Amino acid sequence: MIYLCRHGQTFHNREGRLQGRLESDLTPLGQAQARAMAALLDDLVPATERAPWRLVASPLRRARHTAEAIAGRLGLAVELDERLVEIDVGEWSGRLREEVRGEHPHLLGDDAWGFHAPGGETYEAMTARLSAWLAEQAAEPERRLIVVSHGVAGRLLRGAYAGLSKEETLSQDIPQDAVFRLVGGGIARIDCAPVAEPAEHA
């Protein structure tokens, strides 16, 4: 069984910037979302049943910090795995999403548009690395994992797990306030309790 999380909101998310492999810290809302996911997982994985569970995250800071919030709540150690990192968007890294799409109107309506970035990662390459990670976990079906990854990476992980087509994979939601349960070839979304955006102090 896998519980799959996306990191909380980052400053780049809030600004509409393409992050890819760039670092961007969690906003106050993102930190609250991380705590909400931790609270939900605290309910989903009873304290008396945590011994076999592992917590694995992408090494990018936003995923690591989200995982650390979960670790603190559940008493688990955070393991890092490079294969869980987000898509590399090459020359588009750090650029405003709408600016890029405005320059490439032919990509509007294409769910795979992020894979067209010059110097970026292809759908096939990203699917291959995530599928390899998933196959490694499937080799030990008794494994119990909490995984913290990213938006596009999470979509591709879920798609590979459930055997979805490319179109179905890329049309999936990528919430920052929910956990996905992957078990028995099926995927279930479990929403966190609503989180209000904290006030930011100057």
Side-chain angles (χ1 to χ4, degrees), residues 1-8 21 33-60 62-88 111-112 115 121-193:
M1 180 187 296
I2 297 174
Y3 283 118
L4 177 62
C5 313
R6 183 186 178 194
H7 60 79
R21 304 284 176 83
Q33 289 170 332
R35 292 191 295 271
M37 283 185 274
L40 176 57
L41 288 162
D42 192 21
D43 289 337
L44 293 172
V45 183
T48 56
E49 300 175 13
R50 286 184 193 158
W53 285 84
R54 293 167 48 212
L55 174 56
V56 187
S58 156
L60 292 176
R62 55 193 183 269
R64 196 172 72 245
H65 288 176
T66 301
E68 287 167 357
I70 295 168
R73 183 74 179 249
L74 274 67
L76 299 174
V78 180
E79 303 172 31
L80 303 178
D81 195 313
E82 187 71 32
R83 292 171 293 179
L84 297 173
V85 296
E86 183 59 303
I87 179 177
D88 183 347
D111 286 334
F115 291 99
E121 192 170 17
T122 65
Y123 178 87
E124 292 73 22
M126 190 171 181
T127 297
R129 69 169 162 87
L130 291 166
S131 294
W133 179 88
L134 201 56
E136 187 178 294
Q137 315 317 312
E140 298 182 36
E142 73 281 2
R143 283 192 177 184
R144 299 289 182 266
L145 299 173
I146 296 169
V147 176
V148 183
S149 189
H150 303 269
V152 177
R155 271 180 174 157
L156 269 60
L157 268 175
R158 284 181 275 143
Y161 181 81
L164 303 181
S165 68
K166 181 177 180 179
E167 292 72 22
E168 291 169 328
T169 294
L170 294 175
S171 67
Q172 296 178 99
D173 288 340
I174 49 174
Q176 291 170 302
D177 58 356
V179 171
F180 290 92
R181 181 193 285 126
L182 281 57
V183 64
I187 302 170
R189 173 175 170 161
I190 308 167
D191 290 317
C192 299

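Quick note: numbers below take in every heavy atom, side chains included, and nothing from hydrogens, waters or symmetry partners. It should be emphasised that the depicted structure is a prediction, and the values quoted were computed from it without experimental measurement.
- What you find for Cys5 and Met37 is that their closest heavy atoms are CB-SD, 3.7 Å.
- One finds no salt bridge joining Arg144 and Glu49 here, because no Lys/Arg side-chain nitrogen approaches an Asp/Glu carboxylate oxygen to under 4.0 Å.
- Ring pair Trp53/Tyr3 is parallel by interplanar angle, where below 30° counts as parallel and above 60° as perpendicular.
- Annotation: side chain of Gln176 is not in contact with side chain of Thr66 (no heavy-atom distance under 4.5 Å).
- Counting heavy atoms from C-beta on, the side chains of Val148 and Leu55 come closer than 4.5 Å.
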Are Arg62 and His150 close enough, and set up right, to give a side chain to side chain contact (heavy atoms under 4.5 Å, CB included), and what steps lead you there?
CA-CA 9 Å; Arg62 55 193 183 269; His150 303 269; 3.4 Å; yes

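- Ion pair Glu136/Arg83 flagged as a salt bridge, since at least one NZ, NE, NH1 or NH2 atom sits closer than 4.0 Å to an Asp/Glu carboxylate oxygen.
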Yes or no on side chain to side chain contact (heavy atoms under 4.5 Å, CB included) for Glu121 and Arg21, after CA distance, side-chain angles and deciding distance?
CA-CA 11 Å; Glu121 192 170 17; Arg21 304 284 176 83; 3.2 Å; yes

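- Between Leu145 atom CG and Leu182 atom CG the span is 10.5 Å, to the nearest 0.5 Å.
- Side-chain contact between Leu4 and Tyr161: absent, with no pair of heavy atoms (C-beta onward) separated by less than 4.5 Å.
- When every heavy atom of Ala36 is checked against every heavy atom of Ala193, the shortest pair comes out as CB-O, 4.4 Å.
- Looking at Leu156, Thr169, Leu170 one by one, the single match for side chain to side chain contact (heavy atoms under 4.5 Å, CB included) with Leu164 turns out to be Thr169.
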Please tabulate, for side-chain N and O atoms in residues 71-80, each donor-acceptor pair with protein atoms closer than 3.5 Å (sequence neighbours left out).
unit_1: Arg73; atom_1: NE; unit_2: Asp42; atom_2: OD2; d: 3.0
unit_1: Arg73; atom_1: NH2; unit_2: Asp42; atom_2: OD2; d: 3.4
unit_1: Glu79; atom_1: OE1; unit_2: Arg54; atom_2: NE; d: 3.3
unit_1: Glu79; atom_1: OE1; unit_2: Arg54; atom_2: NH2; d: 2.8
unit_1: Glu79; atom_1: OE2; unit_2: Arg54; atom_2: NE; d: 3.0

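- When all heavy atoms are compared, the tightest approach of Cys192 to Leu40 is SG-CD2, 3.9 Å.
- For the atom pair OG (Ser171) and NZ (Lys166), the distance works out to 13.0 Å, reported to the nearest 0.5 Å.
- With rounding to the nearest 0.5 angstrom, the CD1 atom of Ile187 is 9.5 Å from the CG atom of Leu157.
- Separation of atoms CG (Leu130) and CD1 (Ile87) is listed at 10.5 Å; rounding is to 0.5 Å.
- Heavy atoms only, all atoms of each residue included: Ala57 and Ala63 are closest at CB-O, 4.2 Å.
- To the nearest 0.5 Å, atom CD1 of residue Ile190 and atom CG of residue Asp177 are 13.0 Å apart.
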Would Arg143 and Gln137 count as a side-chain hydrogen bond (donor to acceptor under 3.5 Å, both in side chains) if you check the C-alpha gap in whole Å, the side-chain angles of each, and the deciding distance to 0.1 Å?
CA-CA 7 Å; Arg143 283 192 177 184; Gln137 315 317 312; 2.4 Å; yes

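- Of the possible donor and acceptor atoms, one in the side chain of Ser149 sits under 3.5 Å from a partner among the backbone N and O of Leu84.
- For the pair Asp173/Arg6, no side-chain contact is recorded, criterion being any heavy-atom separation below 4.5 Å from C-beta on.
- Between the NE2 atom of His7 and the NE2 atom of His65 there is a distance of 12.5 Å, given to the nearest 0.5 Å.
- The backbone N or O of Ala153 lies less than 3.5 Å from a partner atom in the side chain of Glu86, making a donor-acceptor pair.
- Between Pro175 and Arg189 there is a side-chain heavy-atom pair separated by less than 4.5 Å.
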